[in-house]
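Worksheet: one structure, shown below.
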Amino acid sequence: MQLLLLKDLRDYIGSLLAVSHFRDYSPNGVQVEGRQEVRRIATGVTASQSVLEAATAWGADAIIVHHGYFWRGEDACITGVKKRRIAHLLQHDISLLAYHLPLDAHPELGNNAQLAEHLGFATQGRFGEQDIASYGVLKQAQRLPQLARNIGHTLQRPPLVIGDENSEIIRIAWCSGGGQSYFEQALELGVDAFLTGEISEQNVHVAKETGVAFIAAGHHATERYGVQALGEHLAAHFGLEHRFFDQDNPV
Ligand SMILES: [Zn+2]
């Protein structure tokens with residue numbers, strides 16, 4: 001197996017995901033520095049304690065996640081949950097790398113591109129802040145309940161759907177994770193449905209009043225695929241071992 005240094009891994013991902021082009025809410029790149037040589041990379045959606053422990057038991061040198069630490073506006077002090085997580089990484093000399101918006105947006109490996117591939121959506125364009133969200137068409141028109149069943153089957157989680165059961169969906173917009181604030185912009189695109197991870201109270205009324213279906217398919221469930229695709233890409237490119245740790249989350 002090839003010897004890979006942490007800084008080379010960081011630099012490669014930084015240019016692959018065009019990290020410097022994004023204004024983000026948390027730092028992209030190495031958030032916690034561990035050992036310098038990387039042979040085994042673990043991936044996960046969120047750097048929760050359970051993901052850290054599972055990755056450590058497997059022997060990971062570095063863990064790559066979509067949701068890392070140090071979010072804008074959060075308390076900067078390293079106490080409580082944050083202390084336990086960071087202490088775990090430092091004790092085991094494991095690096096944590098996190099990629100947020102750059103991993104949503106990448107045209108092949110990104111959460112939105114991967115979600116489209118898994119759900120059979122053909123991407124036609126981008127919208128929303130920093131072009132994070134996508135729109136396009138279904139491979140074939142489907143009635144809303146059938147589309148919801150297919151999504152639930154693929155994502156292994158039944159979505160919460162607000163919309164007319166008789167509506168036929170062909171044009172769709174989507175944004176992985178907590179993208180419910182993009183619903184209004186999706187309406188302007190003239191789509192039949194909007195899919196994201198989470199839903200807010202006001203989205204229900206807007207969906208009913210506009211006739212545009214809102215599909216809340218799970219924040220975790222819609223963000224599983226980008227970081228896995230990144231891990232698989234890195235494993236193939238550098239000859240690393242990679243394993244994805246899916247700690248299921250009902251939200
Ligand atoms: Zn997210």
Side-chain angles (χ1 to χ4, degrees), residues 13 16-19 21-32 42-52 54-55 63-74 81-82 85 96-119 121 123 126-135 151-152 154-157 159-160 172-186 194-201 203 214-232 244-251:
I13 303 173
L16 177 69
L17 299 184
V19 159
H21 296 174
F22 291 87
R23 297 179 308 282
D24 213 331
Y25 316 99
S26 67
N28 288 296
V30 177
Q31 292 193 337
V32 179
T43 54
V45 177
T46 300
S48 62
Q49 191 74 28
S50 63
V51 164
L52 302 186
I63 303 172
I64 303 175
V65 295
H66 182 52
H67 301 140
Y69 306 150
F70 314 118
W71 296 90
R72 186 198 294 165
E74 80 174 22
V81 167
K82 203 197 298 188
R85 291 172 172 181
L96 178 71
L97 294 86
Y99 298 93
H100 184 234
L101 298 182
L103 189 57
D104 287 320
H106 190 274
E108 286 160 44
L109 305 174
N111 279 322
N112 285 317
Q114 289 290 319
L115 192 60
E117 198 166 304
H118 281 83
L119 296 179
F121 303 163
T123 304
R126 305 292 198 91
F127 73 103
E129 188 204 349
Q130 300 183 71
D131 275 347
I132 296 297
S134 299
Y135 65 89
I151 291 167
T154 303
L155 301 184
Q156 298 147 43
R157 176 195 180 282
L160 174 62
I172 189 161
W174 64 97
C175 182
S176 68
Q180 62 268 57
S181 65
Y182 295 122
F183 187 33
E184 310 277 336
Q185 288 177 60
F194 176 66
L195 181 151
T196 186
E198 297 185 39
I199 186 164
S200 296
E201 192 271 352
N203 300 140
F214 193 110
I215 303 168
H219 190 136
H220 175 94
T222 57
E223 296 200 319
R224 270 196 210 110
Y225 302 105
V227 79
Q228 277 186 83
L230 176 63
E232 280 158 28
F244 174 64
F245 292 88
D246 191 15
Q247 304 290 347
D248 205 20
N249 186 326
V251 174

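All residue numbers refer to positions in the sequence shown, counting from 1. Note that ligands are numbered from 1 as they come in the structure, with each ligand's atoms numbered from 1 the same way.
Applying the salt bridge (Lys or Arg N to Asp or Glu O under 4.0 Å) test to pairs two or more places apart or on separate chains, those with a residue in residues 220-230 are Arg224-Asp246, Arg224-Asp248.
Side-chain contact between Ser176 and Gln114 is absent, with no heavy atoms from C-beta onward closer than 4.5 Å. Using a 4.5 Å cut-off on side-chain heavy atoms (C-beta onward), Phe121 and Leu195 make contact. Side-chain contact check for Leu119 versus Ile151: some heavy-atom pair is nearer than 4.5 Å. For the pair Phe214/Thr196, a side-chain contact is recorded, criterion being any heavy-atom separation below 4.5 Å from C-beta on.
With a cut-off of 2.8 Å, the protein N/O/S atoms near the Zn ion (ligand 1) add up to 3.
Among the candidates His67, His219, His66, the single residue satisfying the side-chain hydrogen bond (donor to acceptor under 3.5 Å, both in side chains) test with Thr46 is His67.
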